[in-house]
Number of protein chains: 2
Amino acid sequence: MAKTTRGTPRREASLSREQIVEASIALLDSGGEGGLTFRALSERLATGPGALYWHVADKRDLLTAACDAIVARTLQAPSADATPEAALRALALGMFDAIDAHPWMGSALTGAPGELPIVRVVERIGQQVRALGVPDHEQWAAVAALLSYILGVAGQNAANTQLARVRGSVRSEFLDAVANAWSRLDADAYPFVRGMALQMRTHDDRMDFLAGIDLILHGLAARRAQAQPGPVSARKGAARKK
Amino acid sequence: MAKTTRGTPRREASLSREQIVEASIALLDSGGEGGLTFRALSERLATGPGALYWHVADKRDLLTAACDAIVARTLQAPSADATPEAALRALALGMFDAIDAHPWMGSALTGAPGELPIVRVVERIGQQVRALGVPDHEQWAAVAALLSYILGVAGQNAANTQLARVRGSVRSEFLDAVANAWSRLDADAYPFVRGMALQMRTHDDRMDFLAGIDLILHGLAARRAQAQPGPVSARKGAARKK
DNA sequence: ACCTGAACACCGTTCAAGT
DNA sequence: ACCTGAACACCGTTCAAGT
């Protein structure tokens, strides 16, 4: 690919925004949030730092673009042919896995409220919430709840991985250290946390995440059942096929 | 100010960690996340930057300590004398309001996983979840869901306020701008988001937040009802005394 | 024990100057 | 139109030196 021949400081092919974004993702994946630097990036792309500013507005813009590329890929598969509940679970899990693979997305997502990556996610969630039969005036609250929950988990996962990296260990070691510290807390002041320390480590984060999604979906279902009693199958029939 | 002319430099009273933390909070409240700087802080306290490192480990430590001071104050009121559901709602709202008043807490909380401020919150939530009658092996998932949701909303609120600040406007102006941009999105690609743009602005963030908490609480209640059918009041009797 | 403040090793961003 | 790279205005953190 693009062999920079000899003694040529000048790039032959001009820089593209997409190229910059891909290089940023690589830097972020290998070096964490601190790995993305205009200097490191420009070195990798064989340019000066200033050149990048022709294609991106600033660092936040760059981070958002990198995040959006991953989100777009993650959501590109069309919603499976199942119930809205199943689609929402799949959607949420897809985001969980993407963020798990690219922890820097955690802060990138919350750092870009209302921007393209968030819009993509909201649209997907919204369509399924609508298919679920949630009444119009409650749709936003439902979508916002799901989004907030997903971003909350994302942020925590990102922080765990990031902190582990800074301390030169891996995620699981870091979590073990936390569990350990918790189990040594004062029993009078923190009875619950102390008791939870062990259990916390045997749990699967991914399953915990899904349990939270299910809690919200459960809540939505319960709300609808009470708002409109009667044969549930009748009104859900269309969306429920499977 | 504090014209460090010649020879005055020495402080009369020695620095304390608490003093540093209070000054940090003031700086963060007035200047946002970017307002806390070792230089600004040392100037305000009439010392050199190096002096601070005698009392705090690093910037993250300082941020966590500042956050913890607020969390401790917020949770200091003992749980009200109501149902566990009501206590959880009050707890969540208390955190929402604290974070709304100190947006920098958003990133401080997620940036300090497993540390004191989080431990305090988890303990409080955990005690109420237990009082709710959630079975032992499901308590962690329930607590984690509530915590993740709260932190998710916190992160987004913080980002909104922070971004508005950077752009020299206020939160509501920023949100209006987002709603505006959303309403101009392509109708084919983003029908849901487009339709939601208006509704999003008329909603009350605080109420949306509470709706999400209720969704999770609803979900927990539904789960318990299906796990153990029969007269609910009977099995809740014991845990409910208080 | 605690504080000083210069120095170090970085940042993001700008901009005159080049092609 | 696009790129260069030095320069600017910051950071957090360290550390010899002071009291």
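Proteins get letters first, then strands, A, B, ... in listed order; numbering begins at 1 in each. No hydrogens, no waters, no symmetry mates; every other heavy atom, side chains included, goes into these values.
- Taking side-chain N and O atoms only, Trp54(B) has a distance below 4.0 Å to OP1 or OP2 of dC2(C).
- A residue-by-residue look at Leu36(A) and Arg39(B) shows that Arg39(B) has its nearest nucleotide of DNA chain C further toward the 5' end.
- Annotation: Glu43(A), atom CD; neighbour count of heavy atoms from other residues, nucleotides and ligands within 6.0 Å does not exceed 12.
- Leu41(A) comes within 4.0 angstrom of no nucleic acid atom, judged by non-hydrogen atoms across all strands.
- In this structure, of dC3(D), dT13(D), dT4(C), it is dT13(D) that holds the atom nearest to the side chain of Phe38(B).
- Under the 30°/60° scheme for interplanar angles, the aromatic rings of Trp140(A) and Trp182(B) are found to stand perpendicular.
- Taking the side chain of Lys59(B) as heavy atoms from C-beta on, and the options dG12(D), dC2(C), dT4(D), the nearest nucleotide is dG12(D).
- Within a 6.0 Å sphere centred on CD of Glu18(A), heavy atoms belonging to other residues, nucleotides or ligands number 12 at most.
- Across the protein-nucleic acid pair, Arg60(B) atom CZ and dC11(D) atom C1' stand 18 Å apart, rounded to whole Å.
- Going from atom OH of Tyr53(A) over to atom C1' of dC11(C) covers 10 Å, rounded to whole Å.
- When every heavy atom of Asp29(A) is checked against every heavy atom of Arg165(A), the shortest pair comes out as O-NH2, 4.0 Å.
- Distance CD (Glu43(B)) to P (dC11(D)): 11 Å, rounded to an integer number of Å.
- Dashed line: the shortest gap from a side-chain N or O of Thr47(B) to OP1 or OP2 of dC3(C) is not under 4.0 Å.
- Asp58(A) places its CG atom 17 Å from the P atom of dC11(C), with the value rounded to the nearest Å.
- Spacing of P atoms, dA17(C) relative to dC2(D), comes out at 22 Å, to the nearest Å.
- Partner assigned to dT19(C) is dA1(D), using Watson-Crick or G-U wobble distances below 3.5 angstrom.
- Nucleotide dA1(C) holds its C1' atom 9 Å from the NE2 atom of His55(B), rounded to whole Å.
- When rounded to the nearest whole Å, the span between CG of Leu45(A) and C1' of dC3(D) equals 13 Å.
- For the pair Ala164(B) and Phe174(B), the tightest heavy-atom approach, listed with the atom from each and the gap, is CB-CB, 3.7 Å.
- Counting to the nearest Å, the P atom of dG12(C) and the CG atom of Asp61(A) are 14 Å from each other.
- With both pairing distances under 3.5 Å, dT14(C) is matched to dA6(D) as a Watson-Crick or G-U wobble pair.
- Put simply, CG on Leu52(A) is 13 Å from P on dG5(D), counting in whole angstrom units.
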